[in-house]
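Naming convention: chains lettered A, B, ... in sequence-line order (proteins, then strands); numbering from 1 in each chain.
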2 protein chains.
Amino acid sequence: MPKLGMEPIRRAALVKATIAEIGARGSLDVTVAQIAKAAGVSSGLAHHYFGGKEDIFLAAMRHTLTVYGAGVRAGLAAAGTPRDRVEAVVKAGFSPENFRAEVIAAWLNFYVLAKTSLPARRLLIVYQSRLRSNLRHALRPLLGPRAAAAAERVAAQIDGLYLREGLAARDPDGARAAAEVLAGLDLELQAKAAR
Amino acid sequence: MPKLGMEPIRRAALVKATIAEIGARGSLDVTVAQIAKAAGVSSGLAHHYFGGKEDIFLAAMRHTLTVYGAGVRAGLAAAGTPRDRVEAVVKAGFSPENFRAEVIAAWLNFYVLAKTSLPARRLLIVYQSRLRSNLRHALRPLLGPRAAAAAERVAAQIDGLYLREGLAARDPDGARAAAEVLAGLDLELQAKAAR
DNA sequence: TTCTTCGTTGATTGACGAGTCAATAAAAGA
DNA sequence: TCTTTTATTGACTCGTCAATCAACGAAGAA
């Protein structure tokens, strides 16, 4: 059986299974055995490729962050105007890829993990910093010195909408959430114009 | 020893200890034994007065919600102008009483619990509904038909700021967070005025 | 005083789960 | 062919923790 080079395949399968299981059970108390089973391997193998449970979660977290980051970059690359750039950053967070029940449940899990795991906390802080940085840069041409404060508000809105959606899924495609944040953005622009 | 009427005292002590332990450990994996010890009683007693661990958490949740609700009502009662009413609702969430590391950690815990426990989910939904309702009513005189959308944005900002503060405490008295939300509120008012 | 009820303890049980380990099997290399 | 390396399993160990339970002490009732 053992064809060589299984490692990346297994790792990917386990990461995917981790997010899927968290979402499916709706619970964050997922056991290694459950994850392994969902990935079609034994629990021993999960420990073999990852050091332990926390490493599995961290890998899932990195994967989620990577997917999100790729979405942001793709959106930015396709954006023409500054306004497009802002929309790209906002919409990346609410894209069907990221704004799914499983992924949102995983995010919540990461916040919990970050309470006790230093690497997890670092990862989350990196994400938050990037999100704010992206928003600031995209908003700068539109709002000038007001960009920083506006970025904070928009970022908080995004996080808050994630939390709400995680509690009671009612916006499966994320369209409403994105529209809501962009409506808030328009307020920032109007306030600037009114000066 | 047993003086009569211990039940409410013990329940209160256990609820308080629950929130304190969650905050102190920084972890949401708090054991009944830890809570009981912090409350100065045995683990058996915790099971005696509450049915089980989940009931203890639910009681702590209800307590947190009650404290928060009382804060909102007190603020509203002291508010004169509509603007004061909005500020009261916002500031209640960031008052030193509610916006403490322990309480924020407890909130995160409740969100996790809500994923698996129906009563917990219901309680959180009640809270969210109340928050939005309070904001809508307070904003109505200021924004008219725009009040509902503005309330959603403000509520999302509040939740998002809680999440951020829970990750890396950097705003111990909540002053910055409250100011940030109120700055967002001013945008809503300016946009209305600019029509 | 005797009985009942409330308050309280801590040892115990039973379940569950993370992580280990010895064993097996298949490919690749010598 | 023989050996080494990689892949894989599942039983086992060890610890933890929620929940139970038998027992005890103290206050009030009869």
Side-chain angles (χ1 to χ4, degrees), chain A residues 1-22 24-61 109-110 112-113 115-120, chain B residues 1-22 24-61 109-110 112-113 115-120:
Chain A
M1 266 195 200
K3 287 132 192 172
L4 296 197
M6 281 289 103
E7 178 157 355
I9 298 172
R10 296 305 190 199
R11 290 183 88 99
L14 285 164
V15 161
K16 191 177 160 194
T18 301
I19 296 172
E21 278 301 292
I22 290 175
R25 309 242 163 197
S27 159
L28 307 176
D29 286 338
V30 188
T31 71
V32 174
Q34 284 166 6
I35 294 171
K37 189 174 186 183
V41 300
S42 72
S43 70
L45 203 63
H47 282 96
H48 176 65
Y49 283 126
F50 297 89
K53 191 182 186 178
E54 186 171 319
D55 301 87
I56 302 178
F57 279 136
L58 279 174
M61 192 168 168
N109 178 42
F110 298 152
V112 173
L113 188 62
K115 277 262 146 199
T116 51
S117 159
L118 186 57
Chain B
M1 268 192 196
K3 288 133 192 171
L4 298 196
M6 281 289 105
E7 177 157 356
I9 297 172
R10 295 305 189 199
R11 291 183 86 101
L14 284 164
V15 161
K16 191 178 161 193
T18 302
I19 297 172
E21 277 302 290
I22 290 175
R25 308 242 164 199
S27 159
L28 306 176
D29 286 340
V30 188
T31 71
V32 173
Q34 283 165 7
I35 294 172
K37 189 173 185 184
V41 299
S42 72
S43 71
L45 203 63
H47 282 96
H48 176 66
Y49 283 126
F50 298 89
K53 190 182 185 179
E54 185 171 319
D55 301 88
I56 301 178
F57 279 135
L58 280 175
M61 191 167 169
N109 177 42
F110 298 151
V112 172
L113 188 62
K115 277 262 147 203
T116 51
S117 159
L118 186 56

Mind listing the closest non-hydrogen atom pair of P8(B) and G5(B) along with its distance?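 In terms of heavy atoms, the two residues are closest at CD-O, 3.5 Å.
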
Among [options], the one nearest [X] by side-chain distance:
{"X": "K53(A)", "options": "dT9(C), dA18(C), dA19(D)", "answer": "dA18(C)"}
{"X": "H47(A)", "options": "dG10(D), dA18(C), dA19(D)", "answer": "dA18(C)"}
{"X": "V41(B)", "options": "dT8(D), dT9(C), dA19(D)", "answer": "dT9(C)"}

Side chain to side chain contact (heavy atoms under 4.5 Å, CB included) with A60(B): which residues, sequence neighbours excluded?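 For A60(B), the residues satisfying side chain to side chain contact (heavy atoms under 4.5 Å, CB included) (neighbours in sequence not counted) are V15(B), T18(B), I19(B), F110(B).
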
Which residues pass the side chain to side chain contact (heavy atoms under 4.5 Å, CB included) test with T31(B), sequence neighbours left out?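 By the side chain to side chain contact (heavy atoms under 4.5 Å, CB included) rule, T31(B) matches A33(B), Q34(B).
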
In whole angstrom, give the distance that lies between atom [atom1] of [X] and atom [atom2] of [N].
{"X": "D55(A)", "N": "dA18(C)", "atom1": "CG", "atom2": "P", "result": "13 Å"}
{"X": "I9(B)", "N": "dC6(C)", "atom1": "CD1", "atom2": "C1'", "result": "13 Å"}
{"X": "M6(A)", "N": "dA28(C)", "atom1": "CE", "atom2": "P", "result": "11 Å"}
{"X": "Y49(A)", "N": "dG19(C)", "atom1": "OH", "atom2": "P", "result": "18 Å"}
{"X": "K37(B)", "N": "dG10(C)", "atom1": "NZ", "atom2": "C1'", "result": "14 Å"}
{"X": "L14(B)", "N": "dT8(C)", "atom1": "CG", "atom2": "C1'", "result": "12 Å"}
{"X": "R11(B)", "N": "dG7(C)", "atom1": "CZ", "atom2": "C1'", "result": "14 Å"}
{"X": "H48(A)", "N": "dT6(D)", "atom1": "NE2", "atom2": "C1'", "result": "7 Å"}

Looking at [atom1] of [X] and [atom2] of [Y], how far apart are the two atoms once the value is rounded to the nearest 0.5 Å?
{"X": "T116(A)", "Y": "D29(B)", "atom1": "OG1", "atom2": "CG", "value": "7.5 Å"}
{"X": "L28(A)", "Y": "F57(A)", "atom1": "CG", "atom2": "CZ", "value": "7.5 Å"}
{"X": "L113(A)", "Y": "L118(A)", "atom1": "CG", "atom2": "CG", "value": "11.0 Å"}

Output, in order, the C-alpha distance, side-chain angles, deciding distance and verdict of side-chain contact (heavy atoms from CB on, under 4.5 Å) for L58(A) and F50(A). CA-CA 10 Å; L58(A) 279 174; F50(A) 297 89; over 6 Å; no

Which residues share a side chain to side chain donor-acceptor pair (under 3.5 Å) with S27(A), sequence neighbours left out: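 Applying side chain to side chain donor-acceptor pair (under 3.5 Å) to S27(A) gives none.
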
Scan residues 10-21 of chain B for pairs that pass salt bridge (charged side-chain N to carboxylate O under 4.0 Å, His left out), counting only residues two or more places apart or in two chains.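 Matches after skipping sequence neighbours: E7(B)-R11(B), E21(B)-R25(B).
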
More 5' along DNA chain C: G51(A) or G40(B), using each one's nearest nucleotide?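 Its nearest nucleotide being more 5', the pick is G40(B).
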
Does R10(B) or S43(A) map to a spot on DNA chain C nearer the 5' end, using the closest nucleotide for each?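 It is R10(B) whose nearest nucleotide is closer to the 5' end.
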
Remember a base hit wins even if backbone is also touched, and classify G44(A) as base, sugar-phosphate or nothing at under 4.0 Å, heavy atoms.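 Here G44(A) touches the bases of the nucleic acid.
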
Anything under 3.5 Å between a protein N or O and an N or O of nucleotides 12-14 of chain D, put it in a table, one pair a line.
none

Hey, can you pull the residues of residues 28-36 of chain A with a non-hydrogen atom under 4.0 angstrom from DNA chain C?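 Output list: V30(A), T31(A), V32(A).
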
